[in-house]
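Inspection log for the structure reproduced underneath, given as structure tokens.
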Amino acid sequence: MSQDIFAHLRGRVIAALRELLPELPGDAFARATVEPPREAAHGDMATNAALVVGKAARQPPQKLAAALAERLMQAPEVAEAAPAGPGFVNIRLREDFIRAQLPAILTAGEDYGQGAPKPGRVNVEYVSANPTGPMHVGHCRGAVVGDALAGLLAKAGHDVTREYYINDAGAQVQALAYAAYWRYLQALGTTLTEDEYAQLIPGGLQYRGDYLVPVGEALARHHGDALAEANTVHGPGMAGPDRWFAEVRETTVAMMMAMIRDDLAALGVRHDIFVSEAALVAEGKLDQAEAKLAGQGLIYRGVLEPPKGKTPEDWEPREQTLFRATDFGDEVDRPLRKSDGSGTYFANDIANHLGKLERGFAALVHVWGADHGGYVKRMQAAVAALSGRTVPLDVVLTQIVHVVKDGQPVRMSKRAGSYITLRDLIDEVGRDAVRFTMLTRKADAQMEFDLDLVVQQSRDNPVFYVQYAHARCRSVLRAAGEPTGLATAPLDALSDPAELALIRRMAAWPRLVEAAAAAREPHRVAFFLNDLAADFHLLWNKGREDASLRFIQEGDPEGTRARLALVAATAAVIRSGLGVMGVAPVEEMR
RNA sequence: GGACCCGUAGCUCAGCUGGAUAGAGCGCUGCCCUCCGAAGGCAGAGGUCGAAGGUUCGAAUCCUUUCGGGUCCGCCA
């Protein structure tokens, strides 16, 4: 049977309905659901099936519900089924069926909740930071959400490819090269000041962080003063860009990417593939994409309307190469070429997506910062156009993270060079706390990252609370001598409501994986684990009051094994969930 | 001016893609414990789900309008 007991019971419901209503077509039951009722008093599960098919069956839902309930009573899993309200059927499961989930969990171990393989490969693109400096807190949230989402989709049975798109082709990278060149001149001992240098270059000196110092030193090591122009006033000075630009740019991007990969490794985030924007352009992917769209009549030369309301000062009508994004739901058509003929960021990203489609993905998912929100529709339009509307693009937007310490906000500014790096954050609170905390909020909600709370050992801190539950499980199992063969332990001793509630919670894990993956919402895993930990701690606390509920019972080896099975299963489900989040479970606190 | 996201308990947030009497933690109130199965436990008060219409058996959830907050808006990525 399916690991998902809700899906399992839904099968029972639909089979019963087919018997009751043989004349209905098979798809009449598609909208029928079996889910946990809000009100626990209503039982373990409730189905709306009678409400959903009542109209098609031309029967009053309440009557149908009564007949359905009667049938369901005969199912071996069901202790009680009763019609309720406007046509629900409430189902209470037999306790031995609930207990029987434990062997299933223990047999699967950390794989519990793993969905059956799904057809079609899914590409998840995340992080994709410019290679212009170390990762900071903002990147970090996208990295964690993306990595956990990829893990979640894999858990749900998808074949997932984790991808990083390197934005190494634009003006930012040019500015970066100029900034690195400044560090090179410094390494050679120039007396030029930072401000004097900023005057000499286009756009000014944008990246002033000292993380470029090693790049300058490396350039000086490899090239000596060959990339500079001797100058009588301040020693080594700036040479013509054609003498050094390509070399400096390449070296700098390579070193920045190495640094970003190190940062990602420190966070435990991994990618299967890194795609370079510059490489895509160099191999002509942009031209191919444009030709493909042009072949469908989706490219034209035209002039856009000025934006309504606030018109930019320097706005003037300009003829551009435009993509008919409006044919696919966007508000306006979007430009593909800059005036120098190179692709806009959008155009290059279309090339990126053409590349993905050519690699045969059935679904594309992106994790972007909320500042890219306005960009979603045009990209979806492009993917729809390139794929003939067959491949969906889902975008998960992550909102800003405000880091707080001692109640004070900590601000960051990447280009100024003074900001909280990912490394700072990891050094301060640890990788696992960073990852878990980043998932304790819906991606699309702003988040306050409280450095003090995250390391606090209290109920307020979900990281601690969940890890503590796992540590307690492990502590008990160690004390019991690491028992084996618990999957075959007799379980009759488990009858306390708190024990059964814990099993019910664990039994909901496969269903949660499925639903969270479909909704692209990894934060649900964190909330589930928090609830699971609460159920476990509750039982633990009851054991402090009532010795008969303790896990290890002197003189009752059978009852002890039943409870150890419960504890081992709890530990397994916590590990299963933490595994999706990329958080390592701990054996003991501290 | 327009697009997108968000408005749920005093605070921070969930709410399982439309289900029944809307939940959790913190804070507050009242009891209990001070136990290494430690880094507390139990119970209670607290809500017209921003507002107004609509869709239907049924709406915090979907649609329209509106108020408030955020993000963004032609060759930045």
Side-chain angles (χ1 to χ4, degrees), chain A residues 6 31 33 35-39 41-42 46 48 51 54-55 60-62 84-88 90 128-130 132 167 169-173 277 303-312 314-318 320-322 330-349 369-377 397 399-400 440-442 444-448 450 453 456-462 464-465 468 472 475-476 479 508 511-512 514-516 518-519 521 523-524 526-528 530-531 534 537-538 540-545 547 550-552 589-590:
Chain A
F6 293 90
R31 286 181 55 227
T33 63
E35 43 190 29
R38 272 188 196 165
E39 192 65 43
H42 290 148
N48 63 353
L51 285 164
K55 196 169 282 182
Q62 293 180 340
F88 290 100
N90 291 331
S128 300
N130 294 339
T132 53
N167 297 140
Q172 299 305 322
V173 170
E277 179 182 1
V303 180
L304 289 176
E305 295 288 313
K308 303 233 164 55
K310 281 189 186 171
T311 304
D314 58 347
W315 194 92
E316 60 187 42
R318 185 185 295 128
Q320 301 176 94
T321 300
L322 299 170
D330 201 1
E331 287 84 40
V332 293
D333 293 336
R334 304 292 180 175
L336 294 184
R337 296 280 180 178
K338 303 180 191 174
S339 48
D340 67 359
S342 65
T344 58
Y345 175 76
F346 175 53
N348 289 348
D349 210 8
D371 56 342
H372 286 57
Y375 188 72
V376 173
K377 277 191 180 175
L397 298 177
Q399 267 288 357
I400 283 249
T440 55
R441 207 116 302 180
K442 244 183 326 196
D444 204 354
Q446 288 193 14
M447 158 178 273
E448 195 168 276
D450 187 331
L453 172 63
Q456 214 174 88
Q457 301 206 336
S458 77
R459 175 74 182 89
D460 313 4
N461 179 7
F464 165 77
Y465 196 63
Y468 190 24
R472 275 179 158 174
S475 161
V476 169
R511 181 173 183 271
L512 185 126
E514 186 63 34
E521 293 188 341
H523 75 276
R524 291 192 200 178
F527 282 90
F528 172 83
N530 197 56
D531 290 344
H537 288 307
L538 177 74
W540 180 284
N541 288 325
K542 282 184 84 167
R544 293 166 68 188
E545 301 289 318
R550 295 193 179 193
F551 301 120
I552 298 174
M589 301 312 288
R590 163 160 328 232

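Letters A, B, ... mirror the listed sequences (proteins, then strands); counts begin at 1.
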Determine the contact category for [X]: base if any of its heavy atoms lies under 4.0 Å from a base atom, sugar-phosphate if only primed atoms, P, OP1 or OP2 are that close, otherwise nothing.
| X | result |
| --- | --- |
| A/D460 | sugar-phosphate |
| A/D349 | nothing |
| A/A169 | nothing |
| A/E331 | sugar-phosphate |
| A/R334 | nothing |
| A/A516 | nothing |
| A/Y345 | base |
| A/P37 | nothing |
| A/R511 | base |
| A/G373 | nothing |
| A/Y375 | base |
| A/L453 | nothing |
| A/A519 | base |

Could you measure between the two [atom1] atoms, the one in [N] and the one in [M], and give it in whole Å?
| N | M | atom1 | value |
| --- | --- | --- | --- |
| B/G54 | B/A59 | C1' | 11 Å |
| B/G46 | B/A51 | C1' | 22 Å |
| B/U64 | B/C26 | P | 39 Å |
| B/A60 | B/G18 | P | 13 Å |
| B/A39 | B/C33 | P | 16 Å |
| B/U21 | B/C49 | C1' | 15 Å |
| B/A14 | B/U8 | P | 10 Å |
| B/C63 | B/C4 | P | 10 Å |

Let me know the distance between [atom1] of [X] and [atom2] of [N], rounded to the nearest Å.
| X | N | atom1 | atom2 | answer |
| --- | --- | --- | --- | --- |
| A/K442 | B/U61 | NZ | P | 13 Å |
| A/L51 | B/C57 | CG | C1' | 7 Å |
| A/Q456 | B/G40 | CD | P | 9 Å |
| A/N530 | B/G25 | CG | C1' | 8 Å |
| A/E545 | B/C33 | CD | C1' | 8 Å |
| A/F464 | B/G25 | CZ | P | 16 Å |
| A/M589 | B/A39 | CE | P | 12 Å |

Can you identify which nucleotide, out of [options], has its nearest atom closest to the [X] side chain?
| X | options | result |
| --- | --- | --- |
| A/S458 | B/A77, B/G40, B/G74 | B/G40 |
| A/P86 | B/C16, B/C13, B/C57 | B/C57 |
| A/R441 | B/A77, B/U12, B/G70 | B/U12 |
| A/Q446 | B/C16, B/C5, B/G70 | B/G70 |
| A/Q172 | B/A3, B/G37, B/A77 | B/A77 |
| A/E35 | B/G74, B/G58, B/U17 | B/U17 |
| A/Q320 | B/C16, B/G19, B/G74 | B/G74 |
| A/F551 | B/A39, B/G37, B/C57 | B/G37 |
| A/H523 | B/G15, B/G41, B/C42 | B/G15 |
| A/N130 | B/A3, B/A77, B/G15 | B/A77 |

Using OP1 and OP2 only, check whether a side-chain N or O of [X] sits under 4.0 Å from [N].
| X | N | answer |
| --- | --- | --- |
| A/W540 | B/A38 | yes |
| A/R459 | B/A39 | no |
| A/K542 | B/G41 | no |
| A/R544 | B/C35 | no |
| A/K338 | B/A77 | yes |
| A/H537 | B/G25 | no |

Query raised in the report: For RNA chain B, whose closest nucleotide is more 5', that of A/T33 or that of A/I552?
Result: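 With A/T33 and A/I552 compared, the 5'-side residue is A/T33.
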
**Report entry** Nearest-nucleotide comparison on RNA chain B, the residue closer to the 5′ end among A/A518 and A/V476
**Finding:**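 Nearer the 5' end of the strand: A/A518.
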
Report task. Answer yes or no for this row: A/F88 ring on B/G19 base, centroids under 5.5 Å, planes under 30°. Result ->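 It does not: the ring fails the test against the base of B/G19.
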
Report task. Nearest 0.5 Å please: distance from the CD atom of A/Q62 over to the CZ atom of A/F88. Result ->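 It is 11.0 Å, given to the nearest 0.5 Å.
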
Query raised in the report: Looking at CG of A/L304 and CG of A/L322, how far apart are the two atoms once the value is rounded to the nearest 0.5 Å?
Result: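 So the CG of A/L304 and the CG of A/L322 are separated by 5.0 Å.
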
Query raised in the report: So, is the end of the A/R524 side chain (NZ or CZ) under 6.0 Å from the ring centre of A/F528 and within 45° of the ring's axis?
Result: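 No; the conditions do not both hold, so A/R524 does not lie above the ring face of A/F528.
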
Query raised in the report: Quick one: is the NZ or CZ of A/R511 closer than 6.0 Å to the six-membered ring centre of A/F6, and within 45° of its axis?
Result: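 Relative to the ring axis of A/F6, which defines the angle, A/R511 lies inside both limits.
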
Requested in this report: May I ask you to decide if the ring planes of A/F346 and A/Y375 are parallel, tilted or perpendicular, using 30° and 60° as cut-offs?
Outcome: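 Correct class here is perpendicular.
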
Query raised in the report: CG of A/L453: more than 12 outside heavy atoms within 6.0 angstrom?
Result: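 More than 12 heavy atoms, drawn from other residues, nucleotides or ligands, come within 6.0 Å of this atom.
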
Which base sits across from [N] as a Watson-Crick or G-U pair, both distances under 3.5 Å?
| N | answer |
| --- | --- |
| B/C35 | none |
| B/G53 | B/C63 |
| B/A3 | B/U71 |
| B/A43 | B/U29 |

Report task. Answer yes or no: is there a donor N or O on one side and an acceptor on the other, between the side chain of A/N541 and the main chain of A/H537, under 3.5 Å? Result ->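 Flag set: sc A/N541 to bb A/H537 pair under 3.5 Å.
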
Query raised in the report: Within the side chain of A/N530, is there an N or O that forms a donor-acceptor pair under 3.5 Å with the backbone of A/P462?
Result: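 Absent.
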
Requested in this report: Check if the side chain of A/N348 and the base of B/A77 share a donor-acceptor pair of N or O atoms closer than 3.5 Å.
Outcome: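 No.
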
Report task. Have a look at B/U17 and give me syn or anti from its glycosidic angle (syn if within 90° of zero). Result ->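 For B/U17, whose glycosidic angle is within 90° of 0, the conformation is syn.
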
Requested in this report: Indicate whether the side chain of A/Q172 and that of A/N130 have a donor and an acceptor atom separated by less than 3.5 Å.
Outcome: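 Short answer, no.
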
Report task. Show the numbers, then the answer: is there a side-chain contact (heavy atoms from CB on, under 4.5 Å) between A/V332 and A/E305? Result -> CA-CA 9 Å; A/V332 293; A/E305 295 288 313; over 6 Å; no

